[in-house]
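Because only heavy atoms are used, hydrogens play no part in the values below, and waters and symmetry mates are left out as well, while side chains stay in. We number each residue from 1, following the sequence as shown.
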Amino acid sequence: MLSTPARRIPPRWWSTVVIGLVAVLLTPPGLAQATRAAASADPAIRAVAGPADGFASVAALGQPGTTGGAGGPVVTVTTAAQFLDHIARPGPYVIQVSGTINLPAGSNDGMHDVASDKTIIGLGATATLSGGGLNIGVPVDDDVTAPPANAVHNIIIRNLHLTGASDDLINVQMFSHHIWIDHNEFSNGDDGAVDIKRGSDFVTVSWNHFHDHDKTLLLGHDEDAGPQDIGRLRVTYHHNFFDRSDQRNPRVRFSALAHVYNNNYYYDNSYGVASTYDAAVLMENNYFYSVNNPGRVDFSGDLGRIVARGNILVACNHPIETRGTVPDPRGYYPYQLTPAADVPTTVPAGAGVGKLSSTLAAAATSAAPAGQPDGFASVVALGQNGTTGGAGGPVVTATNAADLLDYIDTIGPMVIQVSGVIRISSKQGVRPNKTIIGVGNAEITGGGLDFYRSYNVIVRNINFTEAEDDAINVGQNSHHIWIDHNRFAGAIDGSVDIVRGADYVTVSWNHFDHADKSMLIGHSDGAASTDIGHLKVSIHHNFFDHSRQRHPRVRFGEPVHVYNNYFLGNTLYGVASTENAGVLVEGNYFRDVPYPLHSASGYADSGPGRAVQRANVFVNSGQPETAGTVVEPRTYYPYQLDPAANVPALVTAGAGVGRLT
């Protein structure tokens, strides 16, 4: 308890491109414009979107956290009829909202029911639901005092502007659970912006912008609702921007724990938080500016409980009222606090619509990598400000080979969502400035992707199976390629080959599932004139799962940075550095690998290379062979190692398809 504190065939597009490729000039990533563009085109955020944090992440009531419509069809809606049809359908759906949809008032006060297992998410920074609200919950029945079998659950609402409702903008009621309301904008509703009541539980409200609204957040319906609410109403509110929203930020009754942290209460709120009817509220590291009463326990009804710590109050008329003890949220979930002094900058910059990328980057952890490249793919070089893929271009969905091949052959930036199983042949060329990302359990089978003087491409969340040659070939001076969170199985040749002067590539969080030739860096011993000075590659947090060899096999490249990977049962060898390549192998975990590292003796017909190994763990494995020195990767980019002992758990939990954040 907490107490009050003290051969490479060129792709189809190549013949149309002049030799001198025009570099793309990007706004610096720190600027809001670039942040919004990247966020609005990132379907990893838009579709499977996650994971939730706070109470919405807790495994309870038969739910392993909140996944929304992940694994279901992805649809884009532009009319009210389409929207209302899809939110009411049974089963999982990812519902992408495009443009402004005016919801009808009808006979239900403009409240429209959302069925379980849905992700409702706006495209870009202008998706709007106007004139009506969303109801999450079965009809009200005061006699029901335990969760019914048909309780609505597992819903994600993100990146939408909800405005002008004649009742609530969002209402969560009647034992609904596992709801995540994140990165939205709320304004001008007649009643609550987000009301959570009548036994609802395991909800997170995060990174939203509330403005021009009176009654912002109600938690607990009224003083007679104890039989439904006591022991429930567990809600996390964090990193929200309460921008002159007058009251209820939130107002709480009966809650077993409301965790209110790192919010920005800004300009002339009459009060911030009110805890009544023995509700338990933990307020920490919030920033209050010109709030009359930042926190109250004596407010229109029985006293509540508040524990406050680390908050900053500026130009406020009263202190936070505190009373009693509350449970520790870390008994339910882990979290990390932003310093309260940083909140006035961090929250307005990151909260609301069109800002998902910046927030996820700030919140990234090793087990839950954000939607931003790292390693060599992040380096500013060759006219590229890192790797942004199709950000800023249209978002399309490919469900068949004809569409996929058309989209990857299109000039200009594009985000290509791959849905279902798509069979292609041979290796197909990908133009520059593309994001190719799987929705759900997407698969490309029979063929692969080829990068021929291409650049700025992201490939994520796709199963690559049974390729008749390479699954992915990065060649002919291609650069700034990020290959992340994919699964590779059954390729006849390489899973991922990086050859012929390619550069600035990151291969991260992939699952190489019983592959043979996993990764070749440097095509042949005779390629020195093409490759020396290039082939800079980062390889991290991959699961080399009983894959036989080439993890990677390297010629000429330097530095090749191999870190925090899990090598399991690699029968031929782990890493080979040859032909004077420079490879740094650090923080990896090798289990049942007879030859973890070749270097000084060369490998097969290739001459010796250089390799440095440090901080690796070797279990039932041979001794690594090292030689010479290697250029430090930190010459190019910062990085942080996970302890090698933690790598098997981190990588098996986080690598592969379906695990984006």
Side-chain angles (χ1 to χ4, degrees), residues 1-5 54-55 137 140 142 145 168 170-177 179 181 189 191-205 210 213-238 240 242 245-261 263 265 269-284 286 288 291-309 311 313 316-329 332:
M1 303 292 284
L2 299 175
S3 61
T4 301
F55 275 114
V140 170
D142 290 337
T145 58
D168 299 330
I170 294 180
N171 176 57
V172 182
Q173 67 177 8
M174 286 304 294
F175 302 93
S176 295
H177 61 92
I179 314 297
I181 300 167
D191 198 356
V194 178
D195 284 3
I196 302 166
K197 55 200 183 188
R198 299 183 183 275
S200 296
D201 218 350
F202 298 104
V203 180
T204 297
V205 180
F210 299 92
H213 193 88
D214 180 14
K215 302 171 182 176
T216 310
L217 304 169
L218 180 65
L219 181 57
H221 180 58
D222 61 26
E223 58 270 24
D224 298 323
Q228 291 183 326
D229 290 345
I230 291 171
R232 301 185 179 93
L233 300 182
R234 284 165 284 204
V235 180
T236 305
Y237 301 95
H238 73 85
N240 298 287
F242 297 103
S245 53
D246 187 53
Q247 59 176 311
R248 299 188 181 180
N249 303 293
R251 176 175 179 174
V252 188
R253 299 179 178 97
F254 299 114
S255 171
L257 179 58
H259 187 198
V260 182
Y261 74 93
N263 301 282
Y265 296 82
N269 313 93
S270 65
Y271 72 88
V273 179
S275 176
T276 64
Y277 290 91
D278 201 38
V281 179
L282 173 60
M283 298 172 59
E284 56 182 343
N286 303 285
F288 297 85
V291 179
N292 185 36
N293 285 284
R296 303 189 66 178
V297 295
D298 186 358
F299 183 84
S300 185
D302 294 350
L303 298 178
R305 291 172 284 142
I306 289 179
V307 168
R309 60 191 184 198
N311 302 284
L313 281 60
C316 297
N317 294 330
H318 302 281
I320 297 173
E321 299 173 5
T322 59
R323 175 179 176 267
T325 62
V326 302
D328 188 340
Y332 292 94

Under the criterion salt bridge (Lys or Arg N to Asp or Glu O under 4.0 Å), I'd like the reasoning laid out for D142 against R198: C-alpha separation, chi angles, the key distance, then a yes or no.
CA-CA 8 Å; D142 290 337; R198 299 183 183 275; 2.6 Å; yes

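- Taking both residues in full, the closest heavy atoms of T322 and A308 are given as CG2-CB, 3.8 Å, listed atom of the first, atom of the second, then distance.
- How far CZ of R232 is from CZ of F175: 5.0 Å, rounded to the nearest 0.5 Å.
- Closest non-hydrogen pair, E223 versus F254, comes out as O-CZ, 3.5 Å.
- Residue L219 forms a side-chain contact (heavy atoms from CB on, under 4.5 Å) with just one option from V281, V235, V260, and that option is V235.
- When the options V203, T204, V205 are evaluated for a side-chain contact (heavy atoms from CB on, under 4.5 Å) with T236, the one that passes is T204.
- Of all the heavy atoms in G324 and R305, the pair that sits closest is CA-CG, 4.4 Å.
- With hydrogens and angles ignored, the 3.5 Å screen pairs a side-chain donor or acceptor of E321 with a backbone N or O of V297.
- Contact between I306 and R296 at its shortest, heavy atoms only, is CD1-O, 3.5 Å.
- Classification of the F242-Y265 ring pair by plane angle, with boundaries at 30° and 60°, yields parallel.
- The two residues R248 and T216 make their nearest non-hydrogen contact at O-CB, 3.2 Å.
- Remark: of the listed residues L217, D195, L218, L218 is the sole one forming a side-chain contact (heavy atoms from CB on, under 4.5 Å) with R251.
- Between Y261 and H259, the distance separating the two ring centers is shorter than 6.0 angstrom.
- One N or O on the side chain of N311 and one on the backbone of N286 form a donor-acceptor pair closer than 3.5 Å.
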